[in-house]
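What you see is a predicted model, and the numbers here were worked out from it, not measured in a lab. Proteins come first, then strands; the chains are lettered A, B, ... in the order of their sequence lines, and each starts at number 1.
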Amino acid sequence: MSDTQPKPRASFQAPKGTRDLYPADAAKRRFITEAWRSASVRFGFDEIDGPTFEQLDLYTVKSGEGIISELFSFRRAGGDDDYALRPEFTPTLARMYAAQAKQLPRPTKWFMAGPFFRAERPQRGRLREFLQWNADFLGLDVPDDAPEEARLTARARADAEVISCCIGFLRELGLTSSDIRVKVNHRHALSLWLSSRNIDPSRHVELFSLLDAKGKLKPEEFAAKLAAFGFTMQQAEIFQKGLIRVTVDTAPGAPNDDVLDLTFFSEAVAPLVKALTSAGVLDWIDFDLSIVRGLAYYTGMVFEVHEAGGKERAIAGGGRYDGLVELFGGPSTPAVGFGMGDVVLSLVLEDRGLMPSGPALIARTGSRPDAFVISNGTPEASAQIAPVVAALRAAGLHARHSYKATGNIGKLLKDAASCAARFAVIVESSTHATLKSLDDGSQHPDIPLIELVKRLG
RNA sequence: GUGGCCAUAGCUCAGUUGGCAGAGCACCGGGUUGUGAUCCCGGUUGUCGCGGGUUCGAGUCCCGUUGGCCACCCCA
């Protein structure tokens, strides 16, 4: 050993806010990503992906210089370009769409799922490295010169389709509309409604931030600030609760209308409500005027998905961002999408008992062995384990065997059960085996070894 | 970036005013019952997160550091 050899270091730890995934954890991650993929494909989205790091400037275009402290950014030794690990997908998406916009179909529906990185202090539901699923609907299914009314309903259809895909995924995992609420608002509709109350458009953004901050203010403070916009105490309470009833027929929704005349808002969101109804997901939806989402680039519908008890951070969030593709150098393109992280989602699934584990998880992730081959303990049977396993694998089957020295059949069957094998093959002689189904316990003796592939296939 | 709590076996944790490093589970081996719950016996695993300091002596007290949990900030 030379003097330059580094000394062994006693202990390394995973970097702050990252996770080591042992087999049980990796299987849970696969369970989630497979479900994301399955829902996306079912709703007609095509998979894409981009680099996990981009030019630093790509992120400041949209979010300003302030974003830099939240990024993991770096410069190659000796180079002079600044890069950043991707903290979100939307800039990459906008860049990719802009680059090929002329040849892409309308609409273009894309999804991706992969790792993202944010230099934040970790806490419950928030890590520095996490997975995020993104689904986006770019362009509309009507011509650019279609009447404005047609374009409005086309936007509402796209908005509803994106929300439906998100809900379709949650449903597939066994969550219901009483576990999860999808809180929806509409920035444009909100603005129309505020204007109808003679609130000048120049003050709308200020009011949006006030609504966004309601959870952090004392009720009296919140009401006092709302009073500056002409709202009464009673009306402030409705904002405080968040929940606004909007009905399908756009009729004034009782009981809110007794104190808040929401006619303008209701009319503006009517096409969205209609599209959500057609998609069969309206029972998951709460309209909530206080959901504005921090980002300045949202232009229409915005939504957040929350655990019904309101205990966790948002499971997902998204909305319409019609100006963003243009900002990245593409043609003016209506677009709507959302992102969902794996961290809060996992907390909710674990809490509701919907995260599988053990053999159930192995079955869900498609890694069940077809056969677990054991010997009855005689030398001639033991000698057949390697060739039988090899033959099964050569036939494309998933075959395993025990690495234990014991001849205890009970212990070996326990091993077979713990890896969730479909069948145990108990080799009895140099030519025959017993086939045992580990699902129903049934046994078939005297199976010739050469017939195993046929019996298991 | 700010604050509080925490770090002992692979996991969950106990460890007395500072005095020989522990339990359960898991894992491995052996035995009994030719069949997945079992039962009995035995065994491996630790720079007590890391680095300093005080002390005859530190898992225990002090300082620093790294990481975790929680809240603030932020949330694309």
Side-chain angles (χ1 to χ4, degrees), chain A residues 7-20 22-25 54 58-64 66-71 84-94 116-128 130 132 134 209 212-213 215-216 291-298 302 304 312-319 321 324 327 337-341 343-344 347 358-359 372 374-378 381 402-428 434-443 445:
Chain A
K7 287 182 180 170
R9 208 168 120 181
S11 69
F12 282 108
Q13 294 172 306
K16 182 199 296 241
T18 64
R19 295 169 285 186
D20 290 331
Y22 292 93
D25 312 304
E54 294 270 11
L58 185 73
Y59 299 113
T60 55
V61 164
K62 189 189 94 182
S63 311
I67 193 75
I68 294 179
S69 65
E70 305 292 325
L71 298 177
L85 295 180
R86 63 184 180 192
E88 58 165 326
F89 194 64
T90 310
T92 301
L93 176 91
F116 291 86
F117 310 87
R118 296 179 188 176
E120 295 178 293
R121 192 98 174 244
Q123 56 184 272
R124 184 173 177 85
R126 190 171 81 182
L127 295 172
R128 289 184 156 192
F130 54 95
Q132 193 178 75
N134 288 268
S209 348
D212 194 34
K216 291 163 192 166
I291 298 293
V292 294
R293 308 218 21 97
L295 293 76
Y297 64 78
Y298 285 123
V302 288
E304 284 181 5
E312 305 286 354
R313 296 167 173 282
I315 296 169
Y321 50 96
L324 203 64
L327 189 61
F338 71 90
M340 177 188 292
V343 183
V344 177
L347 290 171
F372 194 92
I374 66 185
S375 152
N376 70 350
T378 61
S402 179
Y403 292 92
K404 285 181 181 166
T406 184
N408 183 326
I409 290 184
K411 285 183 182 174
L412 294 170
L413 283 172
K414 189 179 169 186
D415 279 0
S418 73
C419 70
R422 291 167 54 224
F423 288 94
V425 173
I426 306 170
V427 181
E428 306 284 8
T434 300
L435 195 56
K436 179 185 174 81
S437 164
L438 291 165
D439 289 331
D440 61 22
S442 65
Q443 295 203 166

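Legend: residues meeting side chain to side chain contact (heavy atoms under 4.5 Å, CB included) with A:Ala84, ordered by chain and number and at least two apart, are A:Leu56, A:Tyr59, A:Leu71, A:Ser73. Looking at residues two or more places apart in sequence or on another chain, you find no salt bridge (Lys or Arg N to Asp or Glu O under 4.0 Å) involving A:Asp440. By the side chain to side chain contact (heavy atoms under 4.5 Å, CB included) test, A:Leu324 pairs with A:Lys62, A:Thr90, A:Tyr297, A:Tyr321, A:Leu327, A:Phe328, sequence neighbours left out. Residues satisfying the ring-ring contact (aromatic ring centres under 6.0 Å, His included) criterion with A:Tyr22, sequence neighbours excluded, are absent altogether. Under the salt bridge (Lys or Arg N to Asp or Glu O under 4.0 Å) criterion, A:Arg124 pairs with A:Glu312, not counting sequence neighbours. Residues that satisfy the side chain to side chain contact (heavy atoms under 4.5 Å, CB included) test with A:Val343, not counting sequence neighbours, are A:Arg19, A:Leu127, A:Phe130. Applying the salt bridge (Lys or Arg N to Asp or Glu O under 4.0 Å) test to A:Glu54 and every residue at least two apart in sequence or in another chain returns A:Arg95.
The ring pair (Phe, Tyr, Trp, His ring centres under 6.0 Å) pairs that include a residue from residues 407-428 of chain A number zero, where partners must be two or more places apart or lie in different chains. The salt bridge (Lys or Arg N to Asp or Glu O under 4.0 Å) analysis of residues 404-422 of chain A, with sequence neighbours excluded, yields the pairs A:Asp370-A:Arg422, A:Lys404-A:Asp415.
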Quick one, give me the B/S/- string for nucleotides 32-38 of chain B, reading 5' to 3', where B means a protein heavy atom under 4.0 Å from the base and S means that only happens at the primed atoms, P, OP1 or OP2. BBBBBSS
How does each nucleotide of nucleotides 3-13 of chain B score, in 5' to 3' order, for protein heavy atoms under 4.0 Å: base (B), sugar-phosphate only (S), or none (-)? B----------
Wobble G-U and Watson-Crick pairs count when both distances are under 3.5 Å; given that, what is the 5' to 3' dot-bracket string of RNA chain B, with | for pairing to other strands? (((((((..((((.....[..)))).(((((.......))))).....(((((..]....))))))))))))....
